[in-house]
Amino acid sequence: MNTRAILKLLFIAVTTMVLALSCTDDKQSKIEGKVDGVDTLVQVTLLRQGFAKTELLETIKISPQKSTFRFKVGELTEPTFFQLRFEGRRNQFMVLLLEPTENAAVEVDLKRFSSYTVSGADESLKTQTLTRRLAQTIKSLDSLNVLLGKATTPAARQSLNAEFEAAIDRQREFSTKFIWDNPMSRASVMALYQKVSDNQFVFDREEDVQLCLLYT
């Protein structure tokens, strides 16, 4: 075999390898982001969120000098939930939902956390809507609990309890509409299992069985 033939075979082999690696890389999903408002070292932790457990994947430290991060999450075979947590900051976490081959790009300001933006993963915009609304409801319920603790008359406690239940009902209405508007989205599963406290689901009544049956 002459030199030209050998070079031609090498060229074909290298080209094939590059194309194979490129195709493989196209299937690998990643989550990357830029963080503003970083004034000290902050740990950004990525977790894979499943129904039975949440799996810690990786932690990256960011600083005022380097406030970007990038996580490789591998090849996804189905829509998958991830959590991004920012250590030391109460309630500062986001839930992302990636379809296979999607890459999510996040921009977040730690001082205005709920206004973070996501591109490249449309379903993650739905999880943001759910998380933001639930956070508002929980904040309202926390305020009502403080007032309940200070209430001195039965009438005042009864009125505050009524407001408490009304706030939960509004959250139920919001989440119910979201589920019916997005019946094919995995984000609706997240809506179905949200909690207003450690021990109380948004949907915890007998009439919620119909919604549960959609995803069982």
Side-chain angles (χ1 to χ4, degrees), residues 35-37 39-40 42-45 47 49-54 81-97 106-118 123-216:
V35 186
D36 294 325
D39 51 17
T40 184
V42 174
Q43 282 194 167
V44 185
T45 300
L47 306 98
Q49 183 174 307
F51 293 111
K53 65 177 181 178
T54 299
F81 287 103
F82 296 93
Q83 283 186 28
L84 272 180
R85 292 190 171 273
F86 296 79
E87 184 188 37
R89 288 164 170 78
R90 182 175 180 269
N91 291 334
Q92 290 201 337
F93 72 94
M94 64 183 72
V95 178
L96 303 175
L97 177 55
V106 176
E107 290 191 21
V108 57
D109 187 335
L110 296 181
K111 297 175 182 176
R112 296 187 297 274
F113 190 84
S114 64
S115 299
Y116 68 83
T117 62
V118 183
E123 291 293 286
S124 291
L125 299 177
K126 295 177 181 178
T127 63
Q128 181 183 28
T129 297
L130 290 170
T131 302
R132 184 180 294 171
R133 176 55 186 262
L134 184 65
Q136 292 171 352
T137 297
I138 291 173
K139 184 177 180 180
S140 296
L141 296 178
D142 286 345
S143 298
L144 288 169
N145 272 325
V146 171
L147 293 174
L148 275 165
K150 297 178 179 178
T152 57
T153 66
R157 285 191 289 272
Q158 183 177 3
S159 176
L160 289 168
N161 278 321
E163 288 186 49
F164 192 95
E165 293 301 321
I168 294 178
D169 285 342
R170 287 192 295 271
Q171 176 66 44
R172 285 172 54 81
E173 290 169 6
F174 175 88
S175 297
T176 299
K177 184 177 186 303
F178 180 94
I179 291 169
W180 288 117
D181 287 347
N182 299 277
M184 303 304 293
S185 172
R186 187 69 67 91
S188 290
V189 178
M190 175 180 167
L192 191 62
Y193 289 97
Q194 283 186 315
K195 293 181 176 182
V196 292
S197 69
D198 289 341
N199 301 312
Q200 184 175 1
F201 287 93
V202 173
F203 295 105
D204 63 351
R205 303 174 188 174
E206 289 185 7
E207 60 265 33
D208 297 330
V209 172
Q210 184 179 14
L211 285 174
C212 294
L213 288 175
L214 284 174
Y215 299 100
T216 57

Which donor-acceptor pairs under 3.5 Å do side chains of residues 161-174 form with protein atoms, sequence neighbours excluded?
residue: Asn161; atom: ND2; partner: Arg157; partner atom: O; Å: 3.1
residue: Asp169; atom: OD1; partner: Arg205; partner atom: NH2; Å: 2.8
residue: Gln171; atom: OE1; partner: Thr137; partner atom: OG1; Å: 2.6
residue: Gln171; atom: NE2; partner: Ser175; partner atom: OG; Å: 3.0
residue: Arg172; atom: NH1; partner: Val202; partner atom: O; Å: 3.2
residue: Arg172; atom: NH1; partner: Asp208; partner atom: OD1; Å: 3.3
residue: Arg172; atom: NH1; partner: Asp208; partner atom: OD2; Å: 3.0
residue: Arg172; atom: NH2; partner: Asp208; partner atom: OD1; Å: 3.0

Show every donor-acceptor pair shorter than 3.5 Å between a side-chain atom in residues 144-154 and any protein atom, with sequence neighbours excluded, or say none if there are none.
residue: Asn145; atom: ND2; partner: Leu141; partner atom: O; Å: 3.4
residue: Thr153; atom: OG1; partner: Ala156; partner atom: N; Å: 3.1

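With hydrogens and angles left out, the side-chain atoms of Ser185 and Glu123 include a donor and acceptor closer than 3.5 Å.
At most 12 non-hydrogen atoms from other residues, nucleotides or ligands lie less than 6.0 angstrom from CD of Gln158.
Looking at heavy atoms from C-beta onward, Leu97 lies out of side-chain contact with Lys126 at the 4.5 angstrom threshold. Two residues are said to be in side-chain contact when any heavy atoms from C-beta on lie closer than 4.5 Å; Phe203 and Ile179 meet this criterion.
Note: Gln194 CD to Thr131 OG1 = 6.0 Å, rounded to the nearest 0.5 Å. The line from CZ of Phe86 to OG1 of Thr45 is 9.5 Å long, rounded to the nearest 0.5 Å. In this structure, Asp36 CG and Lys111 NZ are separated by 9.5 Å, a value rounded to the nearest 0.5 Å.
The minimum heavy-atom distance linking Thr127 with Ala187 is given by the pair CG2-CB, 4.3 Å.
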With side-chain contact (heavy atoms from CB on, under 4.5 Å) as the criterion, how do Arg85 and Leu47 come out once you've worked through the C-alpha distance, each side chain's angles and the decisive distance to 0.1 Å? CA-CA 8 Å; Arg85 292 190 171 273; Leu47 306 98; 3.8 Å; yes
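Remark: Lys139 engages no residue in a salt bridge (Lys or Arg N to Asp or Glu O under 4.0 Å) (not counting sequence neighbours).
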